Structures are given as structure tokens and as C-alpha cells.
Amino acid sequence: QGKLVESGGGLVQAGGSLRLSCAGSARTFSSYAMAWFRQAPGNEREFVAAIRRNDGNTEHADSVKGRFTISRDKTNYTVYLQMNSLKPEDTAVYYCSAATKYGGAWHANPTFAGGWGQGTQVTVSS
């Protein structure tokens, strides 16, 4: 299990778009569901979107539904987060992680030894 490396963040005006990428390993992608989380200053890390390992089904947090889309490329072991119609409240550091769902919510998978990546900063100006 290797590290996950996020990229693609930046500064964008409200209403704009960004696409985040999360590069992993073949072993990680064959073993885990993957998810994006985000953390704004002073807030706890929160779930954004997830994609299941076997069937590729996706889930998105209500706050981003209809604006963000998670996807994956199994040939290069990369997970993407396409973010459209960005709002200032989307400003946060975005992290990807191997993930699991329990208790009705998505969490970082504790069996994934790679842990959290360094994250990528997304700043949306009004």
C-alpha cells in the first residue's frame, strides 16, 4: 500500500471549476473503495464523495450533490473529483483516502497503511 498524492487545487472565483486528482497504487485501487474528504479551518474533516471498489457506484455529500462528481481511472490508478459551480464555502484542504462505510457514514479505512496524503488546497473567492 503506497501513499496517496493529491493535486489540482488552486484559487478560483465563485462559480468556477477545478478537477482534483489522487494518484495511488494498483494494490490500493484493487483493495479499497476511495473517497474525498475536506477540512476547512476550524472545522472537522468531512466526507465529500466516495466511489466503491467493485461496481464503481458513487455517493456524494448533500452539500456537493449536483456540483461535484467523483470518478476513477483504473488504468492509471487515479481518482478524480470534478468540482463545478464552486462556492466560497467549498474552501478547504481536500484529501483522498481509502475508505469504508459503517454506521451510515463514510470514513477513512483504518486498515489502509498509507494514511492521509498531504492534501490539496482549494480556495474559492466570492
Side-chain angles (χ1 to χ4, degrees):
Q1 299 173 351
K3 287 286 187 181
L4 298 170
V5 180
E6 302 97 336
S7 62
L11 173 64
V12 64
Q13 288 188 331
S17 298
L18 285 172
R19 189 177 80 154
L20 307 184
S21 299
C22 171
S25 69
R27 184 175 179 182
T28 299
F29 275 68
S30 65
S31 302
Y32 298 98
M34 300 297 295
W36 286 95
F37 297 81
R38 67 185 181 186
Q39 187 168 20
N43 291 354
E44 294 188 353
R45 198 166 300 188
E46 65 175 2
F47 167 75
V48 176
I51 186 163
R52 295 186 181 275
R53 174 176 62 92
N54 287 334
D55 56 18
N57 282 346
T58 62
E59 293 186 33
H60 296 79
D62 288 344
S63 59
V64 306
K65 204 169 291 184
R67 300 188 297 122
F68 292 10
T69 303
I70 189 171
S71 63
R72 67 184 179 186
D73 184 338
K74 296 173 72 174
T75 62
N76 64 10
Y77 316 118
T78 300
V79 174
Y80 301 99
L81 185 68
Q82 178 66 43
M83 306 187 295
N84 299 328
S85 302
L86 282 160
K87 304 176 181 179
E89 52 263 45
D90 295 319
T91 295
V93 179
Y94 284 70
Y95 302 87
C96 70
S97 178
T100 186
K101 189 174 185 180
Y102 60 87
W106 284 93
H107 306 270
N109 194 315
T111 68
F112 176 63
W116 295 101
Q118 83 287 351
T120 186
Q121 175 71 48
V122 172
T123 303
V124 185
S125 63
S126 57

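All of these numbers come straight from a predicted model, not from anything done at the bench.
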Peer 1: Looking at Y80, I'd like to know if the NZ or CZ of R19 sits under 6.0 Å from its six-membered ring centre while staying within 45 degrees of the ring's axis.
Peer 2: yes
Peer 1: Going hydrophobic residue to hydrophobic residue with side-chain gaps under 4.5 angstrom, can you get from F29 over to L20?
Peer 2: yes
Peer 1: Would L18 and F37 show up in the same hydrophobic cluster when neighbours are defined by side-chain heavy atoms closer than 4.5 Å?
Peer 2: no
Peer 1: Enumerate the disulfide bond (SG atoms under 2.5 Å apart) contacts for residues 31-87, please, sequence neighbours excluded, ordered by first and then second residue.
Peer 2: none
Peer 1: Only counting residues at least two apart or in another chain, list the ones meeting side-chain hydrogen bond (donor to acceptor under 3.5 Å, both in side chains) with W106.
Peer 2: E59
Peer 1: With rounding to the nearest 0.5 Å, note down the distance linking CD in E44 to CD in Q39.
Peer 2: 8.0 Å
Peer 1: Can you pull the disulfide bond (SG atoms under 2.5 Å apart) pairs that have at least one residue in residues 20-120, sequence neighbours excluded?
Peer 2: C22-C96
Peer 1: Checking A23 now: which residues fulfil side-chain contact (heavy atoms from CB on, under 4.5 Å) with it, not counting sequence neighbours?
Peer 2: T78
Peer 1: Considering only residues two or more places apart or on different chains, which pairs with a residue in residues 24-55 satisfy disulfide bond (SG atoms under 2.5 Å apart)?
Peer 2: none
Peer 1: Can you confirm whether T28 sits close enough to F112 that some side-chain heavy atom of one is under 4.5 Å from a side-chain heavy atom of the other?
Peer 2: yes
Peer 1: Same cluster or not: L4 versus F47, using hydrophobic residues (I, L, V, M, F, W, Y) connected whenever any side-chain heavy atoms lie under 4.5 Å apart?
Peer 2: no
Peer 1: Assess whether side-chain contact (heavy atoms from CB on, under 4.5 Å) is satisfied between E6 and Y94, documenting all intermediate values.
Peer 2: CA-CA 8 Å; E6 302 97 336; Y94 284 70; over 6 Å; no
Peer 1: If you look only at distance, which donor and acceptor atoms sit under 3.5 Å apart when one is on a side chain in residues 65-72 and the other is two or more places apart or in another chain?
Peer 2:
from : atom 1 : to  : atom 2 : distance (Å)
K65  : NZ     : D62 : OD1    : 3.0
R67  : NH1    : S85 : O      : 3.0
R67  : NH1    : D90 : OD2    : 2.7
R67  : NH2    : S63 : O      : 2.9
R67  : NH2    : D90 : OD1    : 3.0
R67  : NH2    : D90 : OD2    : 3.4
R72  : NH1    : R52 : O      : 2.9
R72  : NH1    : R53 : O      : 2.9
R72  : NH2    : R53 : O      : 3.3

Peer 1: Should M83 and V124 be counted in the same cluster of Ile, Leu, Val, Met, Phe, Trp and Tyr side chains packed under 4.5 Å apart?
Peer 2: yes
Peer 1: Determine, using the 4.5 Å side-chain heavy-atom cutoff (strictly less than), whether V64 and W36 are members of one ILVMFWY cluster.
Peer 2: yes
